[in-house]
There are 2 protein chains.
Amino acid sequence: MFTGCPPAAGPFRVGDKWTAKIIRCLEQGPRRFTELQTPLRTITPKVLTESLRAMERDGLLTRTAYDEIPPRVVYELTDLGRSLLEPMNAGCEWSRRHLAELMDARDAWHASTP
Amino acid sequence: MFTGCPPAAGPFRVGDKWTAKIIRCLEQGPRRFTELQTPLRTITPKVLTESLRAMERDGLLTRTAYDEIPPRVVYELTDLGRSLLEPMNAGCEWSRRHLAELMDARDAWHASTP
DNA sequence: CGGGATCCCGAAGGATACTG
DNA sequence: CAGTATCCTTCGGGATCCCG
């Protein structure tokens with residue numbers, strides 16, 4: 001996952017802390033709750049739920065609950081959510097090209113102020 | 001200022017809360033401390049200083065202090081800082097095209113859950 | 001399995017006042 | 001003018017436990 005896209009150390013964010021990562025997880029197709037939780041290793045169920053609800057409200061994804069036991073819930077990007085990939089990729093592209101410069105500047109500053 | 005670029009209600013952020021706005025303020029050329037403070041009406045000197053220092057560390061802008069009385073300090077984007085305008089504009093473009101959909105979805109959700 | 005309910009903490013950042 | 005210094009509030013998000 002996230003291959004070819006520099007880490008979150010870059011200066012870009014979409015919405016809250018997790019929105020962009022969730023979109024990346026859903027980029028390849030629908031995912032279940034735990035299928036999202038696993039790659040986002042450090043996220044708690046509460047926060048994941050909150051993020052998903054917010055994104056559902058904003059029309060970025062759909063939530064489909066099947067009335068089964070055990071329960072099954074599937075999240076999928078809407079066209080609107082998918083359209084966010086374009087500007088997100090612009091951000092990733094910037095990071096690929098310029099993140100090293102930013103890190104260098106940061107290091108140089110650290111070196112000059114002991 | 002900010003003309004043609006939808007408000008911060010959009011889901012995009014660059015770095016912290018103020019970074020993107022500061023870049024927009026500096027887009028047209030160098031600005032002094034108070035020239036930044038004025039259009040960002042609600043920012044306090046402390047927070048503006050912190051943001052500017054962080055951006056200086058990251059090589060996004062330069063700080064030039066003239067030894068005069070009264071003091072004069074000028075902030076100016078570096079090439080690196082200016083390069084951020086490209087992905088920022090991609091985000092603005094997304095907002096221009098899709099923000100209405102997002103707001104509509106949000107309104108529809110509010111209407112369906114009283 | 002997919003959450004909901006509670007409690008809690010640290011850091012961002014706002015308010016206010018003061019200064020070289 | 002361009003900040004510093006202090007204090008204080010907010011709140012995103014983590015930990016934990018529980019449930020249908």
Side-chain angles (χ1 to χ4, degrees), chain A residues 7-26 29-58 60-77 106 109 113, chain B residues 8-23 25-26 29-58 60-77 106 109 113:
Chain A
F12 286 95
R13 299 175 59 184
V14 178
D16 64 31
K17 182 176 179 180
W18 298 101
T19 308
K21 292 173 183 174
I22 291 173
I23 291 180
R24 286 293 177 197
C25 288
L26 291 173
R31 294 286 184 268
R32 302 179 56 171
F33 191 85
T34 45
E35 292 177 328
L36 291 169
Q37 207 176 355
T38 304
L40 305 175
R41 212 146 276 119
T42 71
I43 200 173
T44 61
K46 173 200 163 191
V47 175
L48 179 54
T49 302
E50 286 172 354
S51 300
L52 289 169
R53 292 283 191 272
M55 293 172 71
E56 189 189 1
R57 283 209 313 272
D58 287 349
L60 300 181
L61 51 77
T62 59
R63 176 182 185 275
T64 311
Y66 298 89
D67 207 356
E68 304 170 356
I69 291 184
R72 187 162 59 97
V73 179
V74 168
Y75 297 91
E76 185 169 13
L77 285 182
R106 202 175 283 188
W109 182 89
T113 63
Chain B
F12 287 95
R13 301 175 56 184
V14 177
D16 65 29
K17 183 174 177 180
W18 298 102
T19 307
K21 290 173 184 174
I22 291 173
I23 291 180
C25 288
L26 291 173
R31 294 285 183 269
R32 303 178 57 170
F33 191 84
T34 44
E35 291 175 328
L36 291 169
Q37 206 176 358
T38 304
L40 305 175
R41 211 144 273 117
T42 71
I43 199 172
T44 60
K46 172 199 164 192
V47 175
L48 179 54
T49 300
E50 287 171 354
S51 301
L52 289 170
R53 293 284 191 272
M55 294 173 70
E56 189 189 1
R57 282 209 313 273
D58 287 349
L60 301 181
L61 52 76
T62 59
R63 176 181 184 277
T64 311
Y66 298 88
D67 208 357
E68 305 172 352
I69 291 187
R72 186 164 58 99
V73 178
V74 168
Y75 296 91
E76 184 168 15
L77 286 182
R106 202 175 280 187
W109 183 88
T113 63

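Keep in mind that the numbers below use all heavy atoms, side chains included, and drop hydrogens, waters and symmetry copies. Residue numbers start from 1 in every chain, and the chains themselves are labelled A, B, ... in the order their sequence lines are given, proteins ahead of strands.
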Separation between CZ of Phe12(A) and OG1 of Thr19(B), rounded to the nearest 0.5 Å: 10.5 Å
Nucleotide nearest Arg53(B) when distance is taken to its side chain, options dG14(D), dG13(C), dT4(D): dT4(D)
Integer-rounded Å distance: dG13(D) P and Gln37(A) CD: 16 Å
Distance in Å, Thr44(A) OG1 paired with Gln37(A) CD, rounded so as to fall on 0.5 Å steps: 8.0 Å
Spatial distance of atom NZ (Lys21(A)) from atom CG (Asp16(A)) [nearest 0.5 Å]: 10.5 Å
Any Trp18(B) side-chain heavy atom under 4.5 Å of Leu52(B) side chain: no
Under-4.0 Å side-chain N/O to phosphate OP1/OP2 contact, Arg32(A) with dG2(C): yes
Residue-phosphate contact under 4.0 Å: Arg31(A) side-chain N/O, dG2(C) OP1/OP2: no
Nucleic acid contacts - residues 68-77 of chain B versus DNA chain C, non-hydrogen atoms under 4.0 Å: Pro71(B)
Pairwise distance CZ(Phe33(A)) to OG1(Thr38(A)) - rounded to 0.5 angstrom: 10.0 Å
Degree of bending, the helix from dC1(C)-dG20(D) to dG20(C)-dC1(D) (end axes from five pairs; round to 10°): 50°
For Tyr75(A) against Leu26(A), the heavy-atom pair lying closest together: O-CD2, 3.4 Å
Within residues 42-51 of chain B: residues closer than 4.0 Å to DNA chain C (heavy atoms): Thr44(B), Lys46(B), Val47(B)
N or O in side chain of Arg63(B) less than 4.0 angstrom from dG3(D) OP1/OP2: yes
Spacing of Arg41(A) atom CZ relative to dA15(D) atom P, expressed in whole Å: 15 Å
Protein-nucleotide distance (Tyr66(A), atom OH; dG3(C), atom C1'), rounded to Å: 18 Å
d(CG, Asp16(A); P, dG14(D)) in whole Å: 10 Å
Heavy-atom pair with the smallest gap, counting every atom of Arg106(B) and Asp58(A): NE-OD1, 2.8 Å
Atom-to-atom span, CG of Leu36(A) to C1' of dG3(C) - whole angstrom: 13 Å
Gap separating the CG atom of Leu60(B) from the CD atom of Glu76(B), nearest 0.5 angstrom: 13.5 Å
Closest heavy-atom pair and its distance - Arg32(A), Val74(A): CG-CG2, 4.1 Å
Side-chain heavy-atom pair Arg31(A), Ile22(A) within 4.5 angstrom cut-off: no
Interatomic distance, Leu61(A) atom CG to Arg53(A) atom CZ [nearest 0.5 angstrom]: 10.5 Å
Whole angstrom value for the distance that separates P of dC1(C) from CD of Glu35(A): 11 Å
